[in-house]
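Okay, so here's the structure we're looking at.
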Protein chains: 2
Amino acid sequence: MKLLSRQEEIVLLSIWRLGGEAYGVTIREYISKITGKYWSIGSIYVPLDRLIEKGYIDYYFKDITNRKGGRRKRYYNLSSPGMDALQEARELQNSLWQGFPDFAIKK
Amino acid sequence: MKLLSRQEEIVLLSIWRLGGEAYGVTIREYISKITGKYWSIGSIYVPLDRLIEKGYIDYYFKDITNRKGGRRKRYYNLSSPGMDALQEARELQNSLWQGFPDFAIKK
DNA sequence: GCAATATTTTCTATAAAATAGAATAACTTG
DNA sequence: CAAGTTATTCTATTTTATAGAAAATATTGC
């Protein structure tokens with residue numbers, strides 16, 4: 001199986017983190033906040049589409065809307081293969097980083 | 001600062017792991033072993049070149065040779081910015097994965 | 001010395017992923 | 001239904017990843 005790319009890892013984890021509240025805008029906000037940098041619209045939606053193609057996530061539309069405008073929100077869920085891919089990524093990371101010095105206090 | 005790509009992370013960590021023994025071939029062997037998959041020659045040397053350009057690693061030639069053929073081996077070292085980039089990648093990962101369920105026994 | 005052989009890196013081409021943001025769609029309110 | 005707002009789709013460009021042939025350079029044996 002191919003390794004998860006960085007952006008795939010981040011997007012999958014943000015969907016996991018956001019639980020039932022994961023759609024384009026909240027995902028983008030979360031990623032911007034946790035990484036501390038700017039993410040364009042495309043840099044969120046393009047990987048989302050690819051993750052759907054790969055079967056790592058699925059989605060549904062929630063029609064309840066209490067806010068003003070906007071299209072239907074597309075809510076994402078991790079699929080079972082998506083969870084497996086994350087698990088596998090984690091195991092690789094554990095091996096790779098094993099013993100790496102931890103500079104607890106930084107800056 | 002831009003995030004490290006997956007392959008950059010892996011290559012940097014393998015140089016760190018191999019200490020004074022990091023050159024193209026040993027890096028490739030290490031990465032193949034730890035990931036359990038095939039890596040072409042280009043998939044090692046191309047990111048190495050880019051990491052040099054970015055200043056994350058530097059290199060020197062060791063002329064001592066006791067093996068049969070081959071060009072001069074190019075040995076790589078992590079630079080200080082390279083170490084910083086790793087540290088930053090790790091901090092992001094810690095945030096992202098915080099609380100992720102750990103399936104200790106798998107398969 | 002030099003042909004044969006082995007090892008390592010350089011080079012170049014192609015595919016995949018990341019990034020950017022304009023355009024489009026769709027919902028609410030008045 | 002027009003105006004205003006929010007969300008996604010679409011498309012183009014840049015950057016990374018991947019592959020492996022070609023070139024370079026070393027040792028061995030005659």
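Letters A, B, ... are given to chains in the order of the sequence lines, protein chains preceding strands, and every chain is numbered from 1.
In this structure, a donor-acceptor pair under 3.5 Å is absent between the side chains of Trp39(B) and Gln7(B).
Note on Gly42(A): a base of the nucleic acid sits closer than 4.0 angstrom, heavy atoms only. At the heavy-atom level, Tyr38(A) lies under 4.0 Å from the strands shown only through sugar-phosphate atoms. Among the heavy atoms of the strands lying under 4.0 Å from Ser5(B) are primed sugar atoms or P, OP1, OP2 only; no base atom is included.
Per the geometry, CZ belonging to Arg50(B) stands 10 Å off P belonging to dT18(D), to the nearest Å. Between the CZ atom of Arg74(B) and the C1' atom of dA24(D) there is a distance of 14 Å, rounded to whole Å. For the pair Ile44(A) CD1 and dA18(C) C1', the interatomic distance rounds to 11 Å; values are reported in whole Å. Nucleotide dC11(C) holds its P atom 12 Å from the CD1 atom of Ile52(B), rounded to whole Å. Taking atom CD of Glu9(A) as the reference point, atom P of dA18(C) lies 11 Å away to the nearest angstrom. The separation between Ile27(A) atom CD1 and dT9(D) atom P is 12 Å, rounded to whole Å. Going from atom CZ of Arg72(B) over to atom P of dT27(D) covers 13 Å, rounded to whole Å. The separation between Leu4(A) atom CG and dT16(D) atom P is 19 Å, rounded to whole Å.
Counting heavy atoms of neighbouring residues, nucleotides and ligands inside a 6.0 Å radius, atom NZ of Lys37(B) exceeds 12 of them.
Residue Ser40(B) places none of its side-chain N or O atoms closer than 4.0 Å to OP1 or OP2 of dT18(D). Remark: Lys2(A) is in phosphate contact with dA17(C), judged by side-chain N or O atoms under 4.0 Å from OP1 or OP2. Considering only side-chain N and O atoms, Arg28(B) lies nowhere under 4.0 angstrom from the phosphate OP1 or OP2 of dT8(C). Regarding contacts with the backbone of dT5(D), every side-chain N or O of Lys73(A) stays at 4.0 angstrom or more from both OP1 and OP2.
Set against dT8(C), dA7(D), dT10(C), the side chain of Ile41(B) has dT10(C) as its closest nucleotide. Relative to the side chain of Ser43(A), the nucleotides dT19(C), dT8(C), dA7(D) differ in distance, and dT19(C) lies closest.
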### Task
Kindly determine whether Phe61(A) and Lys73(A) satisfy side-chain contact (heavy atoms from CB on, under 4.5 Å), including the steps that lead there.
CA-CA 6 Å; Phe61(A) 291 104; Lys73(A) 296 178 181 63; over 6 Å; no
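No side-chain heavy atom of Lys33(B) sits less than 4.5 Å from a side-chain heavy atom of Ser95(A).
In this structure, the separation between CZ on Arg6(B) and OG1 on Thr35(B) is 12.0 Å, given to the nearest 0.5 Å.
If Arg6(A) and Asp49(B) are placed on DNA chain C by their nearest nucleotide, the residue sitting closer to the 5' end is Asp49(B).
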